[in-house]
There are 2 protein chains.
Amino acid sequence: MKKVTIKDIANIAGVSISTVSRVLNGKGNVDPQLKERVLQVIKDTNFQPSSFARSFRKSSMQIDVVLSKWEEHYLRVLRGLTESLGEQQISVIPKTNLNNLGDFVVAIGEDFDDKLNASMTIGQELSSCSVVFDHFSTLNLIVSELLSKGIDSFAFLCEGLSNYRACKLYGAFMKIMFHHKIESYEIKMLNSKDPYDVAKELSILPGAILCSKDEIAAGVMKAFKDEGIKIPQQVSIIGYGNFSCGSLLGPSLSSVEYMNEETGRICGQYILKMINGEEIPKKIVLSTRLVKRESSL
Amino acid sequence: MKKVTIKDIANIAGVSISTVSRVLNGKGNVDPQLKERVLQVIKDTNFQPSSFARSFRKSSMQIDVVLSKWEEHYLRVLRGLTESLGEQQISVIPKTNLNNLGDFVVAIGEDFDDKLNASMTIGQELSSCSVVFDHFSTLNLIVSELLSKGIDSFAFLCEGLSNYRACKLYGAFMKIMFHHKIESYEIKMLNSKDPYDVAKELSILPGAILCSKDEIAAGVMKAFKDEGIKIPQQVSIIGYGNFSCGSLLGPSLSSVEYMNEETGRICGQYILKMINGEEIPKKIVLSTRLVKRESSL
DNA sequence: TTGTAAGCGTTATCAA
DNA sequence: TTGATAACGCTTACAA
């Protein structure tokens, strides 16, 4: 079953390939009768023009996207990218195999290394153009706010220090504790331990717990609920990532939002510039914000 | 800034384009010295072969995927597709714009109509090859199990009847009630009302509530918890879709699982067959299963 | 081992 | 209004 080409259509309809092409693209004038005939043949043969030949001819663009994990945040960025670049007729192709990547690669995630040689990295700083998030300002704002509400002891539950975001958050937390001269704070590295268990290992119950991931916050909340600890009256819980489950939890989870569709769209704009040969910043820092819900004062 | 092509490389390196091509593809023998020189030029010019020209030449394949919503379930199918087809060097391209689709289109979702003219539909039955889910068997199994545990009154909370899955579930529920001669049951159509509110409108508290979506189940659980109703002791709640939040809720949500990565992989296999011109079934029915957690007996 | 040249399916230019 | 034909960048017989 050979693939039907524009040539076949032309033969069957008894016209030239240029006529078929004109019908296909609606460009130029074609005799209505001929047009009808060509369209009929196209329908009969179920002909589909080769998208590759088209893209090739039009020298269109496509970019490959690799995700460090197939997770909600990353997918939301992917969506923004797909939408904004799709408007420019640029295809965005998610790749799960790192071996066979194309000319323009975007890496979304936190645990890539420079071997990947991406053209743009989102969520992490590598040698390419990097789009990262301002973890410090928002965290600082949160802590200031909590301080003003009389909360003076904190804990930071962190997944570990093996990824970019976790490191940055850790650094930000330390800096903020120092800056506000807060002495009562505790840091727990989970390193793949269950947050439910780690929550119970806290030496004292702090006024607020900041978590480096929403999943951790969810585990902590479960642990506290089981122990009868009131959230947020006794302890405020704040997650990171604003995953979609947050609003369904009881109490609903306050969380820092970052890396959403908007990010994808912004990156799409920069990619467009890169493609057009414009210079773009080596590092782009996007802001984050707290989505306040019931789990925190 | 013109795009660098294989021709440029050949010129600069002082060899023919076939030599460059050979270096690029590692096929055929090339004098090590020449090879070195070519590689150097490639690096210097930052040359990337045009993926379109390559795909075109090799007559590779790509398929477009449209999602009715950019939601977790659909994305998981997309992932399965991407992985399984990626192994065959077939690119999977998510599209958010329905106007400019390619030769092979896969539709994932529940509210498409036949205008789309997809080659394969997942989650819904259209004129093309359709991959759908067996909603009846699993629901029947669930009800039988609950009956055997002494539960004899049921409710079905449904988002409405405007999508394929909801209709099928509704039909299955009715059939099952009839089949088991269950007389105490209640059906609520949400039609975009808040499940939290609808839960409180139930005329009696049934022994088990089946929901057409996990999000509904989450809302119901929240309402019941606020009213001090014990789950699952007083009422079993079962969701549909097994979204990732389910395990984080308290109590964790029992839910029917369908449309996951596996589905994507299976569809990938069928797509491969279609591409190779093999006949495949017009309708493929995949099974679902209950993931039992704390919210149900 | 290297280079020449044909061809992939389409679009666009130009002449008829 | 139509049809020949060149061109897009790359791979691959085939010839040198």
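Lettering follows sequence order; numbering is per chain, from 1.
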Using a 6.0 Å cut-off, check whether atom NZ of B:Lys282 has over 12 heavy atoms from anything other than its own residue. yes
OP1, OP2 of C:dG9 versus side-chain N and O of A:Ser50: anything below 4.0 Å? no
Given D:dT11, is OP1 or OP2 found less than 4.0 Å from the side-chain N or O atoms of B:Asn25? yes
Taking atom P of D:dC10 as reference, at what distance in whole Å does atom CG of B:Asp8 sit? 9 Å
For B:Phe56 and C:dC8, is the gap between ring centres under 5.5 Å while the planes differ by less than 30°? yes
Residue whose nearest DNA chain D nucleotide is more 5′ - A:Ile17 or A:Pro32: A:Pro32
Would you kindly give the CG-to-P distance between B:Leu34 and C:dG3, to the nearest whole Å? 7 Å
Closest nucleotide among C:dT10, C:dT13, D:dT11 to the A:Arg22 side chain: C:dT13
Please assess B:Glu87 against B:Arg265 for the test salt bridge (Lys or Arg N to Asp or Glu O under 4.0 Å), listing each intermediate value before the final yes or no. CA-CA 11 Å; B:Glu87 290 163 8; B:Arg265 304 192 76 89; 3.0 Å; yes
Assert: residue with more 5' nearest nucleotide on DNA chain C, out of B:Thr19 and B:Ser59, is B:Thr19
Between B:Ser16 and C:dG3, does any side-chain N or O lie under 4.0 Å from OP1 or OP2? yes
Is any side-chain N or O of B:Ser21 closer than 4.0 Å to OP1 or OP2 of D:dT11? yes
As a test of reading the structure: which of D:dG9, D:dT2, C:dG9 is closest to the side chain of A:Val30, going by heavy atoms? D:dT2
Sugar-phosphate, base or nothing in reach of B:Asn29, heavy atoms under 4.0 Å: base
Got a donor-acceptor pair under 3.5 Å from the side chain of B:Arg57 to the base of C:dG9? no
Exceeds 12 heavy-atom contacts within 6.0 angstrom, atom NZ of B:Lys95: yes
Between D:dT11 and B:Arg54, is there an OP1 or OP2 to side-chain N/O distance shorter than 4.0 Å? yes
Side-chain N or O of B:Lys27 less than 4.0 angstrom from OP1 or OP2 on D:dT12? yes
Considering all heavy atoms, the nearest A:Pro281-A:Cys129 contact: O-SG, 3.5 Å
Take a 6.0 Å sphere around CD of B:Glu36 and say whether it holds more than 12 heavy atoms from other residues, nucleotides or ligands. no
Atom-to-atom span, NZ of A:Lys7 to P of C:dT10 - whole angstrom: 11 Å
Under 3.5 Å donor-acceptor pair, A:Ser18 side-chain atoms to D:dA4 base atoms: yes
